[in-house]
Amino acid sequence: MASLCKAVAALLFFVSPLIHSYLFAHAASTSSPITRARIIFMTASDYDYNDEDDNSDSPSSPPKVLSSMKTPLQHGPHPCKHDPCLENQEPCARLAQRTGCRCPGMSGANEPPHPPRIQALLPISEGADRGKVEVQWCAPSSVVSSYRVVVEGSEAVEYEDVSRRGLVGSLAAGTKVCVEAVNNAGRSSFSEFSCKRYDTPESSDHKLLVGVIGGGVALLLLIVTAAAVLWKYQLCQRAKRNSADGLGNPSFSTGGTL
């Protein structure tokens, strides 16, 4: 029995290599071959630029923009060089018709103009118009044919459309002055910026008098203050001397008796 086991073991020892080689060969013949990606190195000389030109019509390439399809930017009319507070200049509406510029917020001639704006009420202190008051205003954003300066309690004075100032007679303090714009559709309404009350300015003589009075009062207060301080100082010095004399005299008593 032992000899039989040895014989079987020896048979398996010699047969197992043959079985192993057969199985390996069969697996290699039935499996698909292993493939590896190839890396191709190209230099600048190997690249053919003609291929790019040939493939320029492919769907992947971006479309070309033709010069005829480029639309230039359209700019609107430029604003008119017009100062509404400057006198004797061409009206903005007429300037826009002549040059094609744009007037900001202009209302047409078929509607009443907007109210103008009063700049100042200045008294005239020299020349032939001394004592009068000059009214200065700015034009509204409307078509204007003329202006009217209305003084409270007096008749209105009319001026041309290019005017921005006008003279009125002497005014009392608090007198109300208004400016109206006029065209074919009517007149502008009064507003808080188209009307102003006249304030009498202080003259130079009045200012000088006020300065002299103020300086005199200040000087007087300074003198009174200095006199009071000096009087107080003398009282203190006198009290100190009396106190020193009393301490030096042995017969002196606070009660006033010897």
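Numbers here are sequence positions counted from 1.
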- Item | salt bridge (charged side-chain N to carboxylate O under 4.0 Å, His left out) involving Glu158 - partner list, sequence neighbours excluded | none
- Query: Do Pro112 and Ser188 have side chains that get closer than 4.5 Å, going by heavy atoms?
  - Reply: no
- Treating Ile, Leu, Val, Met, Phe, Trp and Tyr as nodes and any side-chain heavy-atom pair under 4.5 angstrom as an edge, say whether Val144 and Ile118 lie in one connected cluster. yes
- Item | Heavy-atom side-chain contact between Glu180 and Tyr147 under 4.5 Å | no
- Note on the structure: All heavy atoms of Pro115 vs all of Pro140, minimum pair found to be O-CB, 3.7 Å
- Query: Any chain of hydrophobic side-chain contacts (each under 4.5 Å) joining Val182 to Val150?
  - Reply: no
- Side chains of Tyr198 and Pro123: closer than 4.5 Å at any heavy-atom pair? yes
- Side-chain heavy atoms of Asn183 within contact of Pro113, under 4.5 Å: yes
- With the 4.5 Å side-chain cut-off for hydrophobic clustering, are Ile213 and Leu221 part of the same group? yes
- Task: Count the heavy atoms belonging to other residues, nucleotides or ligands that lie under 6.0 Å from CD of Glu160, then report whether that count exceeds 12.
- Result: no
- Message: For a quick test of reading the model, state the closest non-hydrogen atom pair linking Cys178 to Phe190 and the distance between them.
- Response: CB-CE2, 3.7 Å
- So do Gln119 and Arg165 actually touch side chain to side chain, heavy atoms under 4.5 Å? no
- Message: I want to check something: taking the side chain as every heavy atom from C-beta on, are Val177 and Val168 in contact at a cut-off of under 4.5 Å?
- Response: no
- Message: As an exercise, state the distance from CG of Asn88 to OG of Ser163, rounded to the nearest 0.5 Å.
- Response: 6.5 Å
- From Arg148 atom CZ to Glu155 atom CD, the distance as rounded to the nearest 0.5 Å: 10.0 Å
- Message: So, taking the atom named CZ in Arg98 and the one named CD in Glu90, what distance separates them when rounded to the nearest 0.5 Å?
- Response: 4.5 Å
- Nearest 0.5 Å please: distance from the CG atom of Asp199 over to the CG atom of Leu171. 11.0 Å
- Query: Closest heavy-atom contact between Arg164 and Pro84?
  - Reply: NE-O, 2.8 Å
- Are Thr175 and Val151 side-chain neighbours, meaning at least one heavy-atom pair lies under 4.5 Å? yes
- When rounded to the nearest 0.5 angstrom, what distance separates CG in Leu121 from OG1 in Thr200? 11.0 Å
- Message: Using 0.5 Å steps for rounding, measure from the SG atom of Cys101 to the CG atom of Leu95.
- Response: 4.0 Å
- Side-chain contact test, heavy atoms from C-beta onward, threshold under 4.5 Å: evaluate it for Val157 versus Tyr159 and give yes or no. yes
